[in-house]
Amino acid sequence: MFWLLLVMAFEFSPPAGKAGGMLAGAAVADWQNSFVLNPALVMEADRFQTGLVYSRPYGLDHVDWGRICAVLGRERWSGGVSINSLSFADYRESDLQLNLGIEPAARVTAGLGVHLMVRDMGRFGIDAVPAFDLGVNWQTGVLCLGAAGFRLNLPRFGNGDELPLRLVLAGSLRPVETLLLALDVSRAGEEESVAFGMEFCLIPPIDLRIGVGYEPLSYGAGLGVRVGFLQVDYSYRFHPQLKETHILGMQASWL
C-alpha cells in the first residue's frame, strides 16, 4: 500500500502510442504525446482521431487507470480533449484536459493545455484545481526539437498538497525511414530524469519500441500494429521498486 501512495498525486499518466514503450517522446510526431509530454504535438493530428488507453499500475490489485481522448486537426490549428482517471476503492483522481495548437511560423508549432484536476476522496470530500501547460516544437528535415512546461501555475489543493512544476526538453531524430531515436530530459520539482528510446519498423504494419530511463533506472518495450484506420499499441514498463506495468492502447483515424 505504501507504493500506491507514490502514484496517486496525478503522477501516473503514461503516454500511449510510440512513447509508451520508448519512454521518451516529447519531440516525437505522435498526437497522443500531446496530453502527457508536449501540448504542441496536438498539431500532429491531421484529421479526426480518437484513442483509448488502459493500464493496471504496477500490477496493483483493484487499481485501474485509463484515458480516452480525441483530436481534430486542420492545416494551421488543432484541438484535442482527454479524460484521464485513476481509481482505487473510494479514491479517484480525474484529469479533464483541453489542448489547443497553432502553427505560428513555418516548421514551428505551439500548444496550450488546460486542465481541471479533480480528486474524489469519498467521505473526505471532493477537491478540484485548474492547471496550465505550454509547449513548443520545431522540426526540420530528420531532426525535431521540443520543450514544454506543465502545471505552470503550481496548482494547490485545499489541504495544501501542491502539484509540482514539470519541465521537459526533448529531441528526436529519424536517420532512416525505418528508425526513430528520441531523448527526453525532465525536471519535476527537485527531481531530474532522462529517457532514451528507439522505434524500429520491422515490416510496414509493425513497429517495435524499446527505451531506458534513469532516476530511477527503468526499462520499457512496446509494439505497435496498424491495420487500416485502426492501430493497437502495447507497452511494457519496469520500475525497480514498483515493478512492472502493462499498457494497452487503441487509436482510430478518420478522414
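This chain uses plain numbering: 1 for the first residue, then up along the sequence.
- Partners of E190 under the side chain to side chain donor-acceptor pair (under 3.5 Å) rule, at least two apart in sequence or in another chain, are R187.
- The minimum heavy-atom distance between L145 and A27, with the atom names listed, is C-CB, 4.1 Å.
- Taken from SG in C144 to CG in L181, the straight-line distance is 13.0 Å, to the nearest 0.5 Å.
- Across Q32 and Q251, no two heavy atoms sit closer than the pair NE2-NE2, 2.8 Å.
- Shortest non-hydrogen contact noted between S78 and M43 is N-SD, 3.5 Å.
- You'll find the side chain of S34 stays beyond 4.5 Å of the side chain of E44, heavy atoms only.
- Note that CH2 of W31 is 12.0 Å distant from CG of L41, once rounded to the nearest 0.5 Å.
- Remark: the backbone N or O of G122 is not paired with any side-chain donor or acceptor of D90 at under 3.5 angstrom.
- In terms of heavy atoms, L180 sits closest to S172 at CD1-CB, 4.3 Å.
- In this structure a side-chain-to-backbone donor-acceptor pair under 3.5 Å is missing from R166 to S186.
- Of the inter-residue distances, the one linking L23 atom CG with S235 atom OG reads 8.5 Å to the nearest 0.5 angstrom.
- The hydrophobic cluster containing I102 does not contain V81, counting ILVMFWY residues as joined when their side-chain heavy atoms lie under 4.5 angstrom apart, directly or transitively.
- Donor-acceptor pairing under 3.5 Å is recorded for the side chains of W65 and N84.
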Test side-chain contact (heavy atoms from CB on, under 4.5 Å) applied to Y91 and R119, step by step: CA-CA 8 Å; Y91 179 93; R119 188 163 64 175; 3.2 Å; yes

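- The two residues L86 and P57 have their closest heavy-atom pair at CD1-CG, 4.2 Å.
- With salt bridges taken as basic N to acidic carboxylate O contacts below 4.0 Å, none links R226 and D207.
- Inspection of the T109 and E103 side chains reveals no N or O donor paired with an N or O acceptor under 3.5 Å.
- Looking only at side-chain heavy atoms (C-beta outward), P39 and F150 come within less than 4.5 Å of each other.
- Put simply, CG on L96 and CE on M117 are 10.0 Å apart, with the number rounded to the nearest 0.5 Å.
- Contact check for F196 versus D184: no side-chain heavy atoms found under the 4.5 Å cut-off.
- The OH atom of Y219 sits 14.5 Å away from atom CD of E244, with the distance rounded to the nearest 0.5 Å.
- Two different hydrophobic clusters hold V136 and L169 under the rule that ILVMFWY side chains link at heavy-atom gaps under 4.5 Å.
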Test side chain to side chain donor-acceptor pair (under 3.5 Å) applied to E215 and S193, step by step: CA-CA 5 Å; E215 203 54 44; S193 62; over 6 Å; no

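- There is a side-chain donor-acceptor pair under 3.5 Å between S85 and R92.
- Using a distance-only test at 3.5 Å, with no hydrogens or angles considered, a donor-acceptor pair links the side chain of D30 to the main chain of K18.
- Ring-plane geometry between Y236 and F238 is classed as parallel, the angle between the planes falling under 30 degrees on a 0 to 90 degree scale with a further cut at 60.
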Worked check of side-chain contact (heavy atoms from CB on, under 4.5 Å) between Y234 and I247: CA-CA 6 Å; Y234 165 76; I247 306 168; over 6 Å; no

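- The existence of a salt bridge linking R56 and D64 is confirmed by a sub-4.0 Å separation between a basic side-chain nitrogen and an acidic carboxylate oxygen.
- With 3.5 Å as the limit, one finds no donor-acceptor pair spanning the side chains of Q139 and N137.
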From CA spacing to verdict: side-chain contact (heavy atoms from CB on, under 4.5 Å), M250, V53: CA-CA 6 Å; M250 181 179 300; V53 193; over 6 Å; no

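- Proximity of a side-chain donor or acceptor of D120 to a complementary backbone N or O of I126 within less than 3.5 Å is not detected.
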Candidate pair W77 and L72, rule side-chain contact (heavy atoms from CB on, under 4.5 Å), full reasoning: CA-CA 9 Å; W77 64 270; L72 177 63; 4.3 Å; yes

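- Atom CG of L143 has more than 12 heavy atoms from other residues, nucleotides or ligands within 6.0 Å.
- Hydrophobic cluster membership differs between L183 and V28, with clusters built from Ile, Leu, Val, Met, Phe, Trp and Tyr side chains linked at under 4.5 angstrom.
- Distance check, rounded to the nearest 0.5 Å: CG of L173 to CE of M198 gives 12.5 Å.
- Counting heavy-atom neighbours within 6.0 Å of Y214 OH, excluding the residue itself, gives a total of 12 or less.
- Counting only residues at least two apart or on different chains, no ring pair (Phe, Tyr, Trp, His ring centres under 6.0 Å) pair has a member in residues 96-146.
- Cluster membership for V212 and L179, using ILVMFWY side-chain heavy atoms within less than 4.5 angstrom, is shared.
- Cluster annotation: V194 is not connected to V168 through the hydrophobic network of ILVMFWY side chains, with a link wherever side-chain heavy atoms come within less than 4.5 Å.
- Ring pair H239/Y58 is perpendicular by interplanar angle, where above 60° counts as perpendicular and below 30° as parallel.
- Shown here for D133 and R151, the closest heavy-atom pair between the two residues is OD1-N, 3.0 Å.
- Within 6.0 Å of CD in E191 there are 12 or fewer heavy atoms belonging to other residues, nucleotides or ligands.
- Taking 4.0 Å as the cut-off between side-chain N and carboxylate O, R67 and D95 do not count as a salt-bridged pair.
- Checked by atom type and distance alone, the side chain of E93 pairs as donor or acceptor with a backbone atom of F10 at under 3.5 Å.
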